[in-house]
Amino acid sequence: MDNTTRERQELEITALKSIYEENFFETPPPKAWKGALRLPEFVIRVTHPSHDKISFHLNVKLPKTYPTLACPIFTIQKPIEGLKDDDVATLSHKITSESQKIRGMEMVFEIVGLCQDWMENNIKPKDEVTGSLAVQMTQRAEEEQRARKRQEAEEAERAAREALEREAEFKEEALRQLAERELQYKARKRANSESTMIPSSGDTMTESFPHNVEVDGVTFNTVRLFHPRQESLGTVYMADPVCDDINTTLPLELYIVNFYSQYYSTSQGRKKLKQVEAEIQRLTTIRHPNHTIVFAVKLTQPHSSGPLQLIVLSEQAPPLTLHDVLEDTPSLREERVSEYLAQILSGLNAIHAADLVHRGINARYIGLVSGDRPHSKQVKLGRVGYPTRLLDLHRSNPFGTNMPPTEEPPIPEGWLSREEKNESALLYTRQRDIHAVGIVLLQMLLGLDVTERYANIHEALQSSFVSSSLARLATNMILPSKKMHTSCLSLLGDLAEMSLQSSNSIQTPSRAIAMPSAAGLRTPMPFMHEGSPEVSGFFPPPPRPQQVSRWKEDWEELELLVCTSFLIMCINLITVSRQGKGGFGSVVKARNKIDNRIYAIKKVRLKTEGSDVKIFREVNALSRLSHRYIVRYYTTWIEISDEPISSNISDDSESGTGTGSGLTSVPNSSERYLPRNGGGLTIDFDDLTDRRSLSSKSSFPSIHFDASSSPGTGESSGSDEEGLENLFRPMMPDVTPPPMQSRTLYIQMEFVERQTLKERIDEGITQDEAWRLFQQIVDALVHMSTLSILHRDIKLTNIFIGK
């Protein structure tokens with residue numbers, strides 16, 4: 001062996017030691033023939049690339065002429081793990097053939113790599129269960145947690161991406177609407193009487209109305225549109241009149257809502273939109289300085305294949321709102337509060353006098369503009385009536401698929417009006433408007449977050465420095481007495497009397513009174529107002545734990561109906577309903593939050609504890625009805641609340657028939673604003689008295705399906721006087737017995753969109769269709785007859801045709 005060959009071998013061995021480290025083993029010299037010359041020999045432990053438990057020892061001997069002429073002698077030795085004898089033989093043959101191919105170069109490292117590649121491709125490791133069950137469970141839990149985190153991250157990323165896409169869609173939709181209207185403007189002809197376009201410079205969008213509009217002495221029927229912005233459910237444009245004087249400008253804005261949903265192309269959807277248009281048309285007749293004026297409205301379909309559009313022309317909303325002022329100022333002086341309150345009530349009275357309700361009074365929609373006097377402000381009530389109506393319609397039947405969220409911040413439970421607590425959040429009355437003004441009054445006095453800082457008006461007034469006169473006024477608005485009629489005019493009279501008294505004497509705000517501990521609360525505690533006579537204060541008992549309401553937790557109200565259908569039969573479903581006496585409660589189209597399906601829910605205020613037997617008997621009879629042409633009954637439940645009730649539930653059954661639209665008439669202070677799309681399910685409590693002469697057949701003396709309500713039973717006895725009247729009344733020595741708890745019956749039924757058979761006949765039906773509908777009605781009545789149940793009020797307006 002020459003020196004060059006030896007040096008190359010030593011260099012290769014040194015490199016292999018550094019590469020394989022602990023897997024490189026030098027072979028010890030033999031004990032015999034110690035002095036004899038021996039060839040370089042070593043062992044390398046070759047392991048599977050991904051499994052250490054698969055390995056073998058590769059013995060390597062380097063001949064004298066390696067690497068120039070000869071090849072190393074490779075031998076697979078024990079310990080061998082994970083390889084069978086056949087595998088060893090195959091791999092040995094593979095090593096020999098490969099070494100011959102690369103003769104003349106250093107090859108040990110390449111052969112080891114060849115062995116590892118061959119094991120990876122040919123040796124499949126056994127599936128082994130390592131560790132104890134606890135270790136495996138821990139590993140599995142960690143893997144699940146990592147997967148859950150990955151899923152949450154992906155969902156968050158997807159939500160952010162969807163939000164960006166939704167925002168882009170909103171912008172694209174606004175641009176699309178703008179482009180459509182520009183094309184419409186170019187395509188219109190001047191001879192079109194509905195939308196005659198008046199030439200103007202450039203491609204400015206315009207909108208025309210069928211009748212002339214007069215604003216500040218300027219008469220026009222067309223406006224130019226510019227500066228669009230997305231607002232709530234539609235698009236708002238700034239507008240200028242198109243008239244002879246091209247330099248004329250007026251503070252106008254145009255609100256356009258598109259109804260993309262197929263529902264609003266049906267007769268029922270169009271009917272609801274026509275009702276909204278009729279209400280806005282009545283709003284145009286009101287001219288009052290304390291609310292934004294609506295000048296014109298039209299419901300149109302610009303293109304035969306396009307969506308319906310509701311277009312409203314109104315006065316521009318003031319840029320400054322009461323909410324903006326209260327964000328910068330914690331509270332206002334009582335003189336300024338009284339001035340604003342008088343203007344709010346004055347504007348609201350004009351709305352109520354026109355048999356309308358506002359529906360959405362809050363500080364965000366009360367604008368402030370410069371008044372006639374220096375440093376004075378004039379209040380402007382905005383969003384009168386129709387914006388809330390549109391929001392309710394959108395919640396019940398969405399206008400489109402990519403509409404922006406429209407939810408308002410919820411009002412805490414302790415601040416809800418009587419209508420919201422006892423009946424429905426979708427029931428709008430004059431008293432509910434006044435209740436909303438009362439909350440605005442306390443926000444002006446105590447700050448915007450008054451409903452968040454205090455659980456109710458009791459706590460708010462007892463912890464504040466509000467004068468007794470304004471405290472009494474707020475109480476009358478938020479917790480009105482059932483004995484006394486509270487209206488905008490009566491409240492304006494109280495304000496005028498307060499103003500007269502304040503001009504004769506200076507009234508000092510009351511001192512805040514600390515609440516006594518619940519443990520020491522036993523009798524009413526008097527307190528003093530500085531500068532005013534002694535009055536009594538009544539501290540309410542400590543709050544009891546609230547029962548969880550299944551209705552409030554599991555249901556979302558969508559639309560207030562007048563009825564649920566009783567029998568349903570159609571060309572697929574038509575509903576035969578019964579009309580009876582007007583009753584207590586309401587029928588609501590509601591979505592169940594658990595299964596996300598829509599149902600009709602009838603809510604009935606129960607009168608006494610001992611009158612349930614007959615009601616449950618009637619509900620049981622209703623539950624036995626199972627027919628393809630009869631609306632499906634699901635379940636019934638009763639909820640008990642801590643709200644006290646009087647012995648006469650007159651305030652829940654006051655009369656109110658409404659106008660033809662069924663939406664806006666307010667003949668008295670408790671008028672219900674209910675859409676009229678059928679008869680209503682009601683409970684007649686007159687039938688709950690014991691009757692010895694009842695026939696053996698079952699019918700529904702207590703459950704009625706009704707479209708109108710009857711007059712109420714008179715004024716309440718007032719035994720459960722609500723509010724803070726006791727706060728301003730001298731203490732009485734007698735202790736009032738605790739009032740009865742309020743109980744509400746809920747009946748869950750199938751919800752069906754429908755029209756009356758009378759409306760279908762007016763549209764025209766064929767003889768074959770008439771016979772088919774008649775047969776379906778008879779089939780349903782036969783099923784009722786087999787169960788000994790009578791209908792008792794079949795007529796065209798009580799039969800409904802669904803989809």
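Just so it is clear, the model here is predicted, and its values are computed rather than measured.
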Asker: Hey, could you give me the OG/CG distance between S99 and L114, rounded to the nearest 0.5 Å?
Answerer: 9.5 Å
Asker: Please assess F399 against Y264 for the test ring pair (Phe, Tyr, Trp, His ring centres under 6.0 Å), listing each intermediate value before the final yes or no.
Answerer: CA-CA 8 Å; F399 297 165; Y264 293 98; 5.4 Å; yes
Asker: Might you point out which heavy atoms bring G360 and Y365 nearest each other, and give the distance in Å?
Answerer: O-CD1, 3.7 Å
Asker: How about K593: does its NZ atom have over 12 heavy atoms from other parts shown lying under 6.0 Å from it?
Answerer: yes
Asker: Going from OG1 on T388 to CG on D392, what distance comes out if it is rounded to the nearest 0.5 angstrom?
Answerer: 7.0 Å
Asker: Could you walk me through whether V588 and L558 satisfy the side-chain contact (heavy atoms from CB on, under 4.5 Å) test, starting with their C-alpha distance in whole Å, then the side-chain angles of each, then the deciding distance to 0.1 Å, before giving a yes or no?
Answerer: CA-CA 7 Å; V588 179; L558 299 178; over 6 Å; no
Asker: Return the SG to CD distance between C115 and E98, rounded to the nearest 0.5 Å.
Answerer: 10.0 Å
Asker: Kindly determine whether L310 and L273 satisfy side-chain contact (heavy atoms from CB on, under 4.5 Å), including the steps that lead there.
Answerer: CA-CA 8 Å; L310 181 68; L273 295 182; over 6 Å; no
Asker: What heavy-atom pair brings T235 and Q230 nearest, and what distance separates the two atoms?
Answerer: OG1-OE1, 3.7 Å
Asker: Could you tell me whether a side-chain N or O of Q9 sits under 3.5 Å from a main-chain N or O of P63, the two making a donor and an acceptor?
Answerer: yes
Asker: Is the side chain of T329 donor-acceptor paired with the backbone N or O of L326 at a distance under 3.5 Å, no angle test?
Answerer: no
Asker: For residues 69-93, please give each side-chain donor-acceptor pair under 3.5 Å, one per line with the distance, not counting sequence neighbours.
Answerer:
from : atom 1 : to  : atom 2 : distance (Å)
D87  : OD2    : K84 : N      : 3.2
T90  : OG1    : D86 : O      : 2.9
S92  : OG     : V88 : O      : 2.8

Asker: Identify the two heavy atoms, one from S265 and one from R270, that lie closest to each other, and give their separation to 0.1 Å.
Answerer: O-NE, 3.6 Å
Asker: Would you mind reporting whether L442 and Y454 have side-chain heavy atoms less than 4.5 Å apart?
Answerer: no
Asker: For a quick check under 3.5 Å, do S549 and E639 share a side-chain donor-acceptor pair by atom type?
Answerer: yes
Asker: Here's one to test your reading of the geometry: is the NZ or CZ of R550 within 45 degrees of the ring axis of W637 and under 6.0 Å from its centre?
Answerer: yes
Asker: Mind checking whether Q116 and V46 have side chains closer than 4.5 Å, heavy atoms only?
Answerer: yes
Asker: Looking only at side chains, do T321 and R364 share a donor and an acceptor under 3.5 Å apart?
Answerer: no
Asker: Could you tell me the separation between the CZ atom of R383 and the CD atom of E231, rounded to the nearest 0.5 Å?
Answerer: 6.5 Å
Asker: Are I95 and L58 side-chain neighbours, meaning at least one heavy-atom pair lies under 4.5 Å?
Answerer: yes
Asker: Is it true that R8 and E106 make a salt bridge, defined as a side-chain N closer than 4.0 Å to a carboxylate O?
Answerer: yes
Asker: Check the side chains of N397 and K589 for a donor-acceptor pair under 3.5 angstrom, ignoring hydrogens and angles.
Answerer: yes
Asker: Could you go step by step and tell me if T47 and Y20 meet the side-chain contact (heavy atoms from CB on, under 4.5 Å) rule?
Answerer: CA-CA 11 Å; T47 60; Y20 297 107; over 6 Å; no
Asker: Taking atom CZ of F226 as the centre, report whether more than 12 heavy atoms of other residues, nucleotides or ligands fall under 6.0 Å from it.
Answerer: yes
Asker: In the structure I gave you, are the side-chain heavy atoms of Q309 and V257 within less than 4.5 Å of one another anywhere?
Answerer: no
Asker: Apply side-chain hydrogen bond (donor to acceptor under 3.5 Å, both in side chains) to the pair T4 and E7, showing each step before the final yes or no.
Answerer: CA-CA 5 Å; T4 303; E7 289 177 0; 5.5 Å; no
Asker: Are any side-chain N or O atoms of H51 and backbone N or O atoms of K53, one a donor and one an acceptor, separated by less than 3.5 Å?
Answerer: no
Asker: Quick one: salt bridge (Lys or Arg N to Asp or Glu O under 4.0 Å) partners of K61, sequence neighbours excluded?
Answerer: none
Asker: Are the side chains of K272 and Y263 in contact, using a 4.5 Å heavy-atom criterion?
Answerer: yes
Asker: Please answer whether the main-chain N or O of L320 pairs with a side-chain N or O of D324 as donor and acceptor at a distance below 3.5 Å.
Answerer: no
Asker: Rounded to the nearest 0.5 Å, how far does CG of L39 lie from OH of Y66?
Answerer: 13.5 Å
Asker: With heavy-atom distances below 4.5 Å as the criterion, would you say the side chains of L175 and E172 are in contact?
Answerer: no
Asker: Can a salt bridge be assigned to the pair K552 and E413 using a cut-off of 4.0 Å between side-chain N and carboxylate O?
Answerer: yes
Asker: Testing the basics here: between E120 and P49, what is the closest heavy-atom pair and its distance to 0.1 Å?
Answerer: OE1-CG, 3.8 Å
Asker: Can you find a heavy atom in the side chain of R45 that is under 4.5 Å from one in the side chain of F56?
Answerer: no
Asker: To the closest 0.5 Å, what do you measure between CG (L225) and CD1 (I256)?
Answerer: 6.0 Å
Asker: Can you tell if the side chain of P40 reaches within under 4.5 Å of the side chain of I13, non-hydrogen atoms only?
Answerer: yes
Asker: Taking E750 for its side chain and R632 for its backbone only, find out whether a donor-acceptor pair lies under 3.5 Å.
Answerer: yes
Asker: Does atom CD (Q301) have a neighbourhood of more than 12 heavy atoms from anything else shown, all under 6.0 Å?
Answerer: yes
Asker: Applying salt bridge (Lys or Arg N to Asp or Glu O under 4.0 Å), name anything that partners E26, two or more places apart in sequence or on another chain.
Answerer: K17
Asker: I'd like to know if the side chain of S396 pairs up with that of H394 as donor and acceptor (distance under 3.5 Å, no hydrogens or angles considered).
Answerer: no
Asker: Checking the side chain of R453 only, and the main-chain atoms of L446 only, is there a donor and an acceptor separated by less than 3.5 Å?
Answerer: yes
Asker: Quick one, F25 with H57, criterion ring pair (Phe, Tyr, Trp, His ring centres under 6.0 Å). Give me CA distance, side-chain angles, the key distance, then yes/no.
Answerer: CA-CA 10 Å; F25 309 100; H57 282 194; 5.5 Å; yes
Asker: Between E143 and R148, is there a salt bridge with N-O shorter than 4.0 Å?
Answerer: no
Asker: Evaluate the criterion ring pair (Phe, Tyr, Trp, His ring centres under 6.0 Å) for residue pair F751 and Y599; output intermediate values, then yes/no.
Answerer: CA-CA 5 Å; F751 174 79; Y599 302 89; 9.6 Å; no
Asker: Quick one about Q100 and S97 (side-chain donor to acceptor, distance below 3.5 Å, no hydrogens or angles considered), yes or no?
Answerer: no
Asker: Relative to the ring of W555, is the ring of W551 parallel (under 30°), tilted (30 to 60°) or perpendicular (over 60°)?
Answerer: parallel
Asker: Do you know which two heavy atoms are closest between T5 and K64, and how far apart they sit?
Answerer: CG2-O, 3.2 Å
Asker: Locate the shortest heavy-atom distance separating T27 from V43; write the atom from each residue and the value.
Answerer: OG1-CG2, 3.9 Å
Asker: Tell me every residue that passes salt bridge (Lys or Arg N to Asp or Glu O under 4.0 Å) with R103, counting only those two or more places apart in sequence or in another chain.
Answerer: none
Asker: Restricting to salt bridge (Lys or Arg N to Asp or Glu O under 4.0 Å), what partner residues turn up for E253, sequence neighbours left out?
Answerer: R229
Asker: Count the heavy atoms belonging to other residues, nucleotides or ligands that lie under 6.0 Å from CD of E155, then report whether that count exceeds 12.
Answerer: yes
Asker: Does N592 reach the main-chain N or O of D595 with its side chain, forming a donor-acceptor pair under 3.5 Å?
Answerer: yes
Asker: Going by the rule side chain to side chain contact (heavy atoms under 4.5 Å, CB included), which residues pair with E21 if we only count those two or more places apart in sequence or in a different chain?
Answerer: none
Asker: Does the pair L448 and H323 meet the rule for a side-chain contact (heavy atoms from CB on, under 4.5 Å), with working shown?
Answerer: CA-CA 8 Å; L448 281 174; H323 187 275; 3.7 Å; yes
